[in-house]
A.B. asks: 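To start, I am sharing the structure in question, which I have written as C-alpha cells.
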Amino acid sequence: MDMEVVKREIEKQTRELMERLPVDRSEPLITKILWRNLYQIVILLTLQFRVFNEFNARKLEKRNMFDGIHRNELFMGIIG
C-alpha cells in the first residue's frame, strides 16, 4: 500500500470533519444509538452471567458437571 494513498484518505476525512457544523451545547452527549448499544451490552452481559451461574450452580461434589445436563428440561430451556 502506498503511503501517499493513505495520506490522502486521512486528509480527506479530516477535511470533511472540519467542514461539519459544530454540535450545539443543548444536544445530548449520549445519543440514541449509544443508548441502544449500552442497553444491548447490559442485556448480553446479564445473559452471559446467567448462563455462567447455571453451570456453576450444579452439584459441586460431582466430578463431571455436564453429566445428565441434557435430561433437565428447565436447565436446557434457560441455556437455549
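Along the sequence shown, the residues carry numbers beginning at 1.
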A.B. asks: How would you list, by chain and number, every residue that makes a side chain to side chain contact (heavy atoms under 4.5 Å, CB included) with Leu45, sequence neighbours excluded?
C.D. replies: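 Partners of Leu45 under the side chain to side chain contact (heavy atoms under 4.5 Å, CB included) test: Ile41, Gln48, Phe49.
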A.B. asks: For residues 21-36, which side-chain N or O atoms pair as donor and acceptor with protein atoms under 3.5 Å away, sequence neighbours left out?
C.D. replies:
unit_1, atom_1, unit_2, atom_2, d
Asp24, OD2, Ser26, OG, 2.6
Thr31, OG1, Leu34, N, 3.4

A.B. asks: Could you go step by step and tell me if Ile43 and Gln40 meet the side-chain contact (heavy atoms from CB on, under 4.5 Å) rule?
C.D. replies: CA-CA 5 Å; Ile43 295 298; Gln40 287 177 348; 5.8 Å; no
